[in-house]
Structures are given as C-alpha cells and as structure tokens.
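All values below were derived from every heavy atom in this structure, side-chain atoms included, with hydrogens, water molecules and symmetry-related copies excluded.
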Amino acid sequence: MNSINLFNSWNISLKMPSKIIVGVDEAGRGPVIGPLIMVALAFKEEDIKKLEWLGVKDSKLLSSSAREELFERIKEIVHDFRIEVIEPDAIDLTLTESNTNLNWLEAETSARLVSELHPDTVIVDCPSINIPAYTDYFANKLSAGVRSNTKLIVEHKADFNYIVVAAASVIAKVIRDRAIESEKKEIGIDFGSGYMSDPKTQLFLDNYYDQYPHLFRKKWQSYVDTIRKNEQTNLDEF
C-alpha cells in the first residue's frame with residue numbers, strides 16, 4: 001500500500017495553516033490639528049467573512065456610533081494588529097527633511113508595522129497619486145522575508161474595495177476621534193474635527209495657535225498663513 005492510500009485508509013486530514021491577510025489604512029492625514037493614526041490589521045482568511053456579516057465598510061460611510069460599535073466587534077475577530085500614533089511634531093519633523101514627505105512617512109511606518117505581522121497578502125490604501133512609485137518604496141521598506149513571501153496589493157480606494165482595509169480604516173478613525181475628544185476635554189475648548197473645513201477648527205487656529213502649539217502641525221500651510229497674518233497685524237500697530 002502506497003503512502004497516499006495509507007493516509008486515505010486512516011482517514012487523516014492534514015489541515016493547512018491559515019493564510020494571513022493584512023489591511024493597512026490611516027486616519028488624520030490632512031488635518032492641521034492632531035495625530036496621524038496608522039493601522040495594520042491581520043485576519044485569518046477564513047475570518048474575513050465575519051467582517052462582512054458585521055457590515056464593516058469604509059469608515060467614511062459610517063456614523064460615529066456605528067464605527068464605535070464596529071471597533072469593539074472587529075477587536076474580537078482580528079488575529080493580530082499593529083497601530084502607530086504619529087504626533088504633530090513628528091509629522092513636522094518629517095516635512096523639514098529634504099529626502100522625505102508625508103507619503104514616504106506613511107509608507108515607512110506601515111511597512112514596519114506590516115513586517116511584524118508576517119502576512120501572506122498585504123492590501124494597502126495608497127495615499128499617493130503615483131501608485132507604482134509608492135508600491136516600490138513601500139516594498140523596499142518591508143523586511144526581506146516579508147517582501148519575498150507576500151503578495152502586495154496597493155490601490156486607491158482600497159478602503160472601499162477591500163473589507164480588511166475598511167476594517168483598518170474603522171480602527172484608525174475611532175482611535176483618532178478618541179484622541180481628538182481627549183484633547184478637547186484636556187484644554188476645555190471644542191476645536192471641532194481638526195480639519196480646516198470645520199469652522200470651529202478655523203476659529204481655534206486663529207485664536208489659540210500660540211497657546212496650544214503642541215496640537216498643531218506647524219508645517220501645514222494653514223498654520224503658516226496664520227502666523228504670517230498675525231505677524232503682519234503686529235507690525236501694523238507701529
């Protein structure tokens with residue numbers, strides 16, 4: 001009796017290890033106030049269906065209460081994860097260096113997080129208009145083992161098209177929202193979302209840019225313009 005027949009006769013099934021799928025996304029890329037949150041979530045392939053049952057989707061399509069509820073449910077399903085909170089001063093530092101920018105900061109951070117998860121497939125929501133260049137940069141920042149053994153998908157709107165990335169977007173958004181609410185309570189001022197499209201944020205920047213400098217991304221044009229405007233006002237007093 002050959003070995004294959006022997007295994008069949010013993011009715012032994014050899015279970016293959018689960019494939020690990022990682023979704024990568026961020027929250028807080030554009031605001032003048034608060035941190036950038038980078039998230040990499042690893043799921044066993046067979047658990048991804050559970051995300052569909054929960055109704056996980058791109059965080060931008062969900063209400064705040066729905067995101068909060070999904071945050072707790074996703075935590076029950078995720079196999080492993082890595083999260084990094086990048087504070088405004090770290091973002092500013094990146095933008096002062098000639099050989100890097102916000103895209104490269106995201107790529108370097110997410111590649112480091114992904115490399116610790118040892119995935120079979122990585123799906124990344126691409127922040128750059130140049131997908132091939134971003135993909136190459138990201139891949140080169142991965143650990144050698146992960147780079148050679150992982151399928152890499154880098155796309156625009158990956159948070160809309162891939163549910164594992166949507167899950168990462170939910171986690172990132174909730175963490176950033178909680179951080180913003182915590183800062184508001186600490187200083188006792190409601191400065192809104194931190195985005196310049198928000199009138200509360202605009203007013204806070206105008207009135208408090210010099211009192212709470214740790215909250216602001218000082219390399220953002222909106223902050224630079226506010227500094228210049230106030231310097232000009234002071235000069236006009238003479």
Side-chain angles (χ1 to χ4, degrees), residues 22-42 58-60 67 71 74-75 78 80-117 122-130 133-135 137-143 146 154 156 158-159 164-187 191-198 201 204-205 209 212-224:
V22 170
V24 179
D25 204 3
E26 51 76 21
R29 176 180 169 84
V32 68
I33 296 175
L36 169 65
I37 311 296
M38 299 294 309
V39 172
L41 298 185
D58 178 7
S59 63
K60 295 186 290 294
R67 290 194 296 266
F71 183 91
I74 292 169
K75 283 166 57 179
V78 70
D80 202 353
F81 66 92
R82 295 293 186 275
I83 296 169
E84 182 135 343
V85 179
I86 307 174
E87 298 292 352
D89 58 349
I91 296 172
D92 287 336
L93 181 61
T94 295
L95 296 179
T96 63
E97 299 175 359
S98 60
N99 62 340
T100 190
N101 55 45
L102 193 60
N103 286 345
W104 296 159
L105 174 63
E106 283 195 31
E108 291 168 6
T109 303
S110 54
R112 174 165 43 80
L113 301 182
V114 165
S115 293
E116 297 174 2
L117 296 172
V122 175
I123 309 173
V124 180
D125 189 42
C126 183
S128 171
I129 60 173
N130 190 334
Y134 188 88
T135 302
Y137 190 89
F138 177 85
N140 286 329
K141 294 297 180 179
L142 292 169
S143 65
V146 170
V154 180
H156 293 148
D159 49 359
V164 292
V165 184
S169 79
V170 169
I171 298 298
K173 177 62 173 168
V174 170
I175 291 173
R176 176 174 157 84
D177 285 350
R178 290 178 179 180
I180 291 297
E181 291 305 313
S182 177
E183 291 287 3
K184 291 178 189 177
K185 289 179 182 179
E186 184 173 332
I187 67 175
F191 54 73
S193 65
Y195 288 82
M196 285 302 290
S197 57
D198 187 333
T201 299
F204 182 76
L205 174 59
Y209 70 95
Y212 302 103
H214 68 286
L215 294 177
F216 294 101
R217 302 180 187 180
K218 300 176 188 64
K219 295 297 181 181
W220 255 232
Q221 193 61 49
S222 51
Y223 186 88
V224 172

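Residue pairs meeting the ring-ring contact (aromatic ring centres under 6.0 Å, His included) criterion with at least one partner in residues 165-187, sequence neighbours excluded, do not occur; the list is empty. Within the structure, the ring-ring contact (aromatic ring centres under 6.0 Å, His included) test picks out no pair touching residues 80-101 (sequence neighbours left out).
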Indicate every side-chain donor-acceptor pair of residues 30-39 with a distance under 3.5 Å to a residue at least two apart or in another chain.
none

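With respect to E181 and K184, a salt bridge is recorded, a charged nitrogen being found less than 4.0 Å from a carboxylate O.
Residues meeting the ring-ring contact (aromatic ring centres under 6.0 Å, His included) test with W104, sequence neighbours left out: Y137. For E106, the side chain to side chain donor-acceptor pair (under 3.5 Å) partners are R29, not counting sequence neighbours. Residues that satisfy the salt bridge (charged side-chain N to carboxylate O under 4.0 Å, His left out) test with D177, not counting sequence neighbours, are R67, K173. Under the ring-ring contact (aromatic ring centres under 6.0 Å, His included) criterion, F216 pairs with F204, Y223, sequence neighbours left out. Remark: E87 pairs with no residue by the salt bridge (charged side-chain N to carboxylate O under 4.0 Å, His left out) rule, at least two apart or across chains. Partners of N101 under the side chain to side chain donor-acceptor pair (under 3.5 Å) rule, at least two apart in sequence or in another chain, do not exist in this structure. For the ring-ring contact (aromatic ring centres under 6.0 Å, His included) test, no residue two or more places apart in sequence or in another chain qualifies with Y134. Residues satisfying the salt bridge (charged side-chain N to carboxylate O under 4.0 Å, His left out) test with D89, not counting sequence neighbours, are none. Checked against salt bridge (charged side-chain N to carboxylate O under 4.0 Å, His left out), K219 has no partners two or more places apart in sequence or in another chain.
For the atom pair CD (E183) and OH (Y212), the distance works out to 11.0 Å, reported to the nearest 0.5 Å. Put simply, CG on L105 and OG on S110 are 9.0 Å apart, with the number rounded to the nearest 0.5 Å. Note that OG1 of T109 and NZ of K141 are 10.5 Å apart. Values are rounded to the nearest 0.5 Å. Residue D80 holds its CG atom at 5.0 Å from CG of L117, rounded to the nearest 0.5 Å.
Side chain of T100 to main chain of T94: no donor-acceptor pair is present (N/O by atom type, distance under 3.5 Å, no hydrogens or angles). In this structure, the side chain of D198 does not engage the main chain of G192 through any donor-acceptor pair within 3.5 Å. In this structure, the side chain of D159 does not engage the main chain of V165 through any donor-acceptor pair within 3.5 Å. A donor-acceptor pair under 3.5 Å is formed between the side chain of D92 and the backbone N or O of K218. Looking at S169, its side chain does come within 3.5 Å of a backbone N or O of S59 through a donor-acceptor pair.
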Original post:
Yes or no on side chain to side chain contact (heavy atoms under 4.5 Å, CB included) for I171 and V78, after CA distance, side-chain angles and deciding distance?
Top reply: CA-CA 11 Å; I171 298 298; V78 70; over 6 Å; no

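When side chains are defined from C-beta on, V24 does not count as touching L113, because their heavy atoms never get closer than 4.5 Å. You'll find the side chain of I180 stays beyond 4.5 Å of the side chain of S193, heavy atoms only. Under the 4.5 Å side-chain criterion, counting only non-hydrogen atoms from C-beta, R178 is not in contact with I175. Within the 4.5 Å cutoff, the side chain of I187 has heavy atoms near those of the L215 side chain. Side-chain atoms of L41 and V164, non-hydrogen and from C-beta on, never get closer than 4.5 Å to each other.
For the residue pair T201 and F191, the shortest heavy atom distance occurs at OG1-O, 2.8 Å. Of all heavy-atom pairs between P88 and R217, the closest is CB-CG, 4.0 Å. Heavy-atom minimum distance, V114 versus A40: CG2-CB, 4.3 Å.
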